[in-house]
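For reference, the structure discussed in these notes is given below.
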There are 2 protein chains.
Amino acid sequence: MRVLARAGANGASVRAIAQEAGVSPGLVGHYFTGIDALIAETYTHVDAMVTRALDAAVAAAPPQPRARLEAFVTASFTAPIAQPALLATWIAFWSLVTSQPQIARQHDDQYAGYRARLEHLLREAGVAEADLRHAAIAVTALVDGLWLELCLSPQCFSGEEAGAIARRFLGTVCGDVAG
Amino acid sequence: MRVLARAGANGASVRAIAQEAGVSPGLVGHYFTGIDALIAETYTHVDAMVTRALDAAVAAAPPQPRARLEAFVTASFTAPIAQPALLATWIAFWSLVTSQPQIARQHDDQYAGYRARLEHLLREAGVAEADLRHAAIAVTALVDGLWLELCLSPQCFSGEEAGAIARRFLGTVCGDVAG
DNA sequence: ATAGTTGTTGTACGATCGTCCAATAAGGCG
DNA sequence: CGCCTTATTGGACGATCGTACAACAACTAT
C-alpha cells in the first residue's frame, strides 16, 4: 500500500516493495505466488479496511435507518477512505481485472459484498424490495464516481460537497423510487 | 488503443504498439517524447471520440431538452463508448495522473469539459443556476461509476439497466433539486 | 546436541523495458 | 542529376523487471 501510494501502479515493483518492507526481494516469492497475487491481496486488505471503516461509521450513527445510511456515504468521503493515496491500489487492481479471470472473480465478489451491505441499509431505510437492486447499484456508482473524481481532481470539489451530493441522492432513492 | 484493449495497461509497451502499427519501435520516439506522452495523446483521442459520440446522440435526439439529456446518458452505455476495451486506456491514463502534474492538468481540463457540456444540457432542461454545478458533478459521477462497473463486472448489470438507472436519476435532478 | 523444518538472504538469469543513435530509404527541390 | 530535409529502420545500451535457486540463519522438537 505504501509503495503503491508513493510510486504509483507502475512503480510498485517487487524490489521497491521489499525495500519498503525492509526485507530482501526474494522473500516476496516465498509468501506470494507472484507480484499479481501480492497486488490482489493488497486490494483485499484495503477493501477490508474500507469495509471496517464503513461499518464503524454506521455503528457510531444514530439508530435511525436513514441516519445510518447517511453515515455510510458520508464516511466514504472522509479519511481513511477518501485518500488519494488509496487510488493507486485500486488502479493497480483494476488493471489486472480484464486480463486475469481469477482477479475478475475477486472483483465481482468484493463488489457484490459492497452492494449487499448497501442493500441491507437501504432495505431498513424503507426502499421497496423490487427497487433494492437498482438502488444499491445506483448509490454504489454515484459514490464510486464521486470518490474517483475526488481522488483524480481533488481541487474540483471537496469531500464535504461529495458527501452532500450523495446524501441528497439518498433522499430521492428513499422517497421516490416507487415506480 | 488496440494494444491497450488487447494487452492491458501493463502490456502496452513501445514495442507492442509499434508492432501493432506495423512500424519499427524507434519510430515512436520520433513522433512522441515518450511512452507517457503517447498514452496521454491516446487518451485525448479517445476522449474526443467519446465527445463526438455523445454530441451525435444529443443531435439525433428530439429537440426537447429533457430528451436530449436522456440521449446523452443513454449513449454513455452503448457502443462505441461502453466498450470494456476502452477501460484499459482510461486506467493507463489514470495511473499517470497522480505522478505527472502535466497529465493531472490534462485530466482536469477534459473532466471540466465534460461537466461543462453536461451543465449546458442541464440548464436547458430547467435546472436552477445555483444547483447546476452540483447537478453536473452528480450526473457525471453516477454515469462514470456505472460505466466503470459495467466494464469491470459486465455480468452484474446490463447497459440498458445502467441507462435506466441514470435516466431515472435525471428525473430527480430536473424535478427536485430546488433547495 | 542434532536433525529437520522454516525463515531469509543475496544473487543470478533471461526477458523486457524506454530511450537513443548511426545508418538507410524516400521524397521534394534546386 | 545532386542536395537537403524528412521518414524510418534496426539494433545497441543501460536499467529494471519477475522469478528461481542455492546458501545461510533461526527455531523446534526429539
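Side chains included, hydrogens not; waters and symmetry mates left out as well; all remaining heavy atoms used.
Nucleotide C:dA12 holds its C1' atom 10 Å from the CZ atom of A:R15, rounded to whole Å. Atom-to-atom, NE2 of B:H30 to P of C:dA26 comes out at 16 Å; the value is rounded to the nearest Å. In this entry the distance linking CD1 of B:I39 with C1' of C:dG18 reads 12 Å, nearest Å. Atom CD in A:Q19 sits about 14 Å away from atom P in C:dT11, given to the nearest Å. We find that CD1 of B:I17 is positioned 12 Å from C1' of C:dC17, with the value rounded to whole Å. One atom, CD1 of A:I35, and another, P of D:dC17, lie 10 Å apart when rounded to the nearest Å. Atom CG of A:L27 is separated from atom P of D:dA20 by 15 Å (rounded to the nearest Å). The CG atom of B:D36 sits 10 Å away from the C1' atom of C:dG18 (whole-angstrom rounding).
A salt bridge between B:E119 and B:R133 is absent, with no side-chain N of the basic residue lying under 4.0 Å from a carboxylate O of the acidic one. Under the 4.0 Å criterion applied to side-chain N and carboxylate O atoms, A:E124 and A:R66 are not assigned as salt-bridge partners.
Within the 4.0 angstrom heavy-atom criterion, only backbone atoms of the sugar-phosphate kind lie near B:V23; the bases stay farther away. Contacts of B:G26 with the nucleic acid, taken as non-hydrogen atoms under 4.0 Å apart, include base atoms.
OP1 or OP2 of C:dG10 has not a single side-chain nitrogen or oxygen of A:S24 nearer than 4.0 Å.
Side-chain N/O atoms of B:D36 and B:Q102 include no donor and acceptor closer than 3.5 Å.
Ranking C:dT19, D:dA7, D:dG18 by closeness to the B:Y31 side chain, first place goes to D:dA7.
Between A:E129 and A:R123, the closest heavy-atom pair is OE2-NH2, 3.0 Å.
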